[in-house]
Structures are given as C-alpha cells and as structure tokens.
Amino acid sequence: MRLLLWLFLSTPVFTSTVFTSAARAEDATLTARQIFERAEQTRKVDNSIQTLRMVLIGRNGAERVRELEMKVRRDDDVLSSYTRFSEPSDVAGTQLVVVDHPDQLDEQLLYLPALKRVQRISGRARSGSFMGSDFAFEDLELSQASRASHQIIDETEEFWIIETTPTEDSGSSYGKLISQVHKVDYLPRKIEYFDQRGRPLKVLTVTETTMDGETIIPRISVMKNVQKNTATRLEILSHQLNVEKEQIPEETFTPTFMERNG
C-alpha cells in the first residue's frame, strides 16, 4: 500500500447526519481490504492543485526547505500527478510524473534539470530517496492495495490498526506496514514502515489537518526515518480542489512537457 500521494488527495468527511449508528454497525463488519478500498473511494477528488513546502531535517536538527507544486488529474480509473520544484535554485525545475494505471505498477518519470532529460524510475530505483528526503520513490505511488494482504490486528474507539504485507510481485522494498486508519474519515493518521528483516524503518504521521467545506486536508505530515534519525515534513500551503480539467491538460504528464518546463 503506497500512501503518500493518497494522503494528499484529500477526503470528504462523513458528517454526523450521515455517519449514523447504522453506518457504524456496518463498518464494524468491514474487512481490512474493504477499509482500504473504502478509503480510496472517499478520496476521489477528480482534479486538484496544491503548493507544498518540504522541510528536510538532518540528524543534528538542521533544516533544508524546498517548495513545490503538485497537480493531480483523474481520467476514469487513471490518476496522474505532476510535481515541480520551484525553490531553492539547486532543485528548481526538477519534475516528477506518476501515472496510476489500475492493476499494474505506477509509471514514474523524473526530469532533472542538470541532465536536461527525462528518465524512468523502475526496479530497485523505486526504493531510492526522493530528492534527498525520507520518502522513497515507491512511497509516491498512488495505490497498490491489490498487491498486498491486509489484516486488522487491533482497533480502538477511533482507529482500525491494519497490518499490510506486500506480495512478492508488488515491487515493494518493505516487509510490512502498520496503519492507523480513522473510523470516521478513513484518513490514515499514522503509518509504520518495516524493512524486509522486520525492523522498524520509518513512521509517517499526520500531525495537523484542516477543513475545506466537508473535505479534510492533511495539512502537515512528517516522515521520520528511525534508522537514520532524520525526518521530512510536508506542509500544504494552498490547495484547489475539483478544478476544471482545462487547468491541468493531459500533456502535463508527458516527457515533452517536462523537458519544456525544466
């Protein structure tokens, strides 16, 4: 289960008038896979544009700040995202395209201004660090619930605790993940990543949310690498939800567009 961009697709919230006791009774019978499937269904924001700040925090607490824009477009079952860094100057023009095709590995294209060309991220490169952060390229994939097994291992009044084990054909470098999924809005508030030897590797935590109408926005999220003692904080600075497709033309997700905007 790849959850980073999934978090930033935002979530329509079940209001008190909709989330009735009957709905709670229904949710009590959900399987772990059904919970993730419902979580994905609630995140069907068709098109969005967001500006974000990425803060890289070193072992000694030193911070490096980067700013970027993310555009997401949905075309039927295909979900595409385009990310472009604007600050600082040494990373400005770096771009990443992720195209989510149902039931297959996401397509990832990276443009580096220094090389002035687009390269495809595949194989072991997917487990590499994205732009020096604590996020791996594989964390940026939109969804692969079908390439993993899910099991509810515990629950509280607020959360389902779900263990996810990627299948061998998933391409994942993780041994397992443990997610705390909120019972009302289906937004994962905490995700623990474990390496192939079962050791704790990283923890992603949503530390602050905000509302846009009835849509919940995970405004601040932090990925901490517990093995390296580093962290990366992502802050949503602004967002536009359900924008017209004309604002995000299909060519945005092509190598030609990336090279032209490098």
Side-chain angles (χ1 to χ4, degrees), residues 2-12 39-54 66-122 125-126 130-131 133 135-146 210 212-219 221 234-262:
R2 317 297 203 248
L3 298 168
L4 175 58
L5 292 186
W6 184 43
L7 286 174
F8 296 122
L9 296 181
S10 309
T11 308
E40 291 180 0
Q41 290 170 3
T42 64
R43 283 164 177 74
K44 286 189 180 280
V45 173
D46 287 336
N47 313 296
S48 65
I49 301 175
Q50 302 181 67
T51 58
L52 302 100
R53 176 182 296 123
M54 174 186 284
R66 296 173 174 179
E67 294 193 4
L68 56 142
E69 181 181 59
M70 179 187 296
K71 299 180 179 181
V72 177
R73 170 175 167 142
R74 183 184 296 277
D75 294 281
D76 297 323
D77 290 333
V78 177
L79 194 62
S80 305
S81 74
Y82 168 84
T83 301
R84 185 182 189 279
F85 285 81
S86 57
E87 297 288 344
S89 58
D90 61 332
V91 298
T94 300
Q95 301 159 76
L96 177 71
V97 164
V98 180
V99 180
D100 172 47
H101 298 283
D103 301 321
Q104 68 182 65
L105 284 174
D106 290 359
E107 179 182 8
Q108 295 190 356
L109 302 174
L110 178 68
Y111 177 85
L112 297 174
L115 300 179
K116 297 187 183 300
R117 64 182 176 86
V118 175
Q119 61 187 64
R120 191 176 303 275
I121 305 299
S122 59
R126 289 178 180 262
F130 173 60
M131 298 297 292
S133 74
F135 294 99
F137 282 97
E138 64 181 301
D139 298 332
L140 306 177
E141 296 180 8
L142 302 176
S143 172
Q144 284 198 336
S146 63
T210 188
D212 183 340
E214 293 187 354
T215 300
I216 187 170
I217 307 292
R219 203 184 76 79
S221 302
L234 277 178
E235 307 170 10
I236 297 179
L237 304 178
S238 66
H239 63 271
Q240 303 174 59
L241 304 182
N242 297 316
V243 302
E244 296 295 328
K245 282 189 176 181
E246 288 74 16
Q247 293 184 246
I248 314 175
E250 287 186 78
E251 68 164 346
T252 303
F253 311 101
T254 65
T256 300
F257 180 88
M258 298 170 78
E259 290 171 352
R260 188 167 68 242
N261 290 273

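Computed from a predicted model, the values in this text were never measured in an experiment.
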- [ ] Could you tell me which residues satisfy salt bridge (Lys or Arg N to Asp or Glu O under 4.0 Å) with Arg73, sequence neighbours excluded, listed by chain and number?
- [x] Asp75, Glu250

Task: Contacts of Glu107 that satisfy salt bridge (Lys or Arg N to Asp or Glu O under 4.0 Å) - sequence neighbours left out - done: Arg120

Examine distances only and state if a side-chain atom of [X] and a backbone atom of [Y] form a donor-acceptor pair shorter than 3.5 Å.
X      : Y      : value
Lys245 : Arg74  : yes
Asn242 : Ser48  : no
Thr210 : Ile217 : no

Task: Residues in side-chain contact (heavy atoms from CB on, under 4.5 Å) contact with Ser89, at least two apart in sequence or another chain - done: none

Task: Sequence-distant partners of Arg53, side-chain contact (heavy atoms from CB on, under 4.5 Å), two or more places apart - done: Val55, Val65, Glu67, Glu235, Leu237

Task: Listed partners of Phe85 passing ring-ring contact (aromatic ring centres under 6.0 Å, His included), at least two apart - done: Phe130

Heavy-atom closest contact ([X] atom, [Y] atom, distance):
X      : Y      : answer
Pro218 : Ile236 : O-CD1, 3.6 Å
Arg66  : Pro88  : CG-CD, 3.6 Å
Gly93  : Arg84  : CA-NH2, 3.6 Å
Val99  : Val97  : CG2-CG1, 3.8 Å
Thr252 : Ile248 : OG1-C, 4.1 Å
Ala92  : Ser86  : CB-O, 3.5 Å

Task: 4.5 Å side-chain heavy-atom contact, Met70 and Val72 - done: yes

Task: Asn261 vs Tyr111 side-chain heavy atoms within contact, under 4.5 Å - done: no

Out of curiosity, [X] [atom1] to [Y] [atom2], how far, rounded to the nearest 0.5 Å?
X      : Y      : atom1 : atom2 : result
Gln50  : Ser238 : CD    : OG    : 8.0 Å
Thr254 : Glu259 : OG1   : CD    : 8.5 Å
Glu246 : Asn47  : CD    : CG    : 9.0 Å
Glu138 : Ile121 : CD    : CD1   : 12.0 Å
Thr256 : Glu251 : OG1   : CD    : 8.5 Å
Glu69  : Gln95  : CD    : CD    : 11.0 Å

Task: ring-ring contact (aromatic ring centres under 6.0 Å, His included) pairs, two or more places apart, involving residues 243-262 - done: Tyr82-Phe257

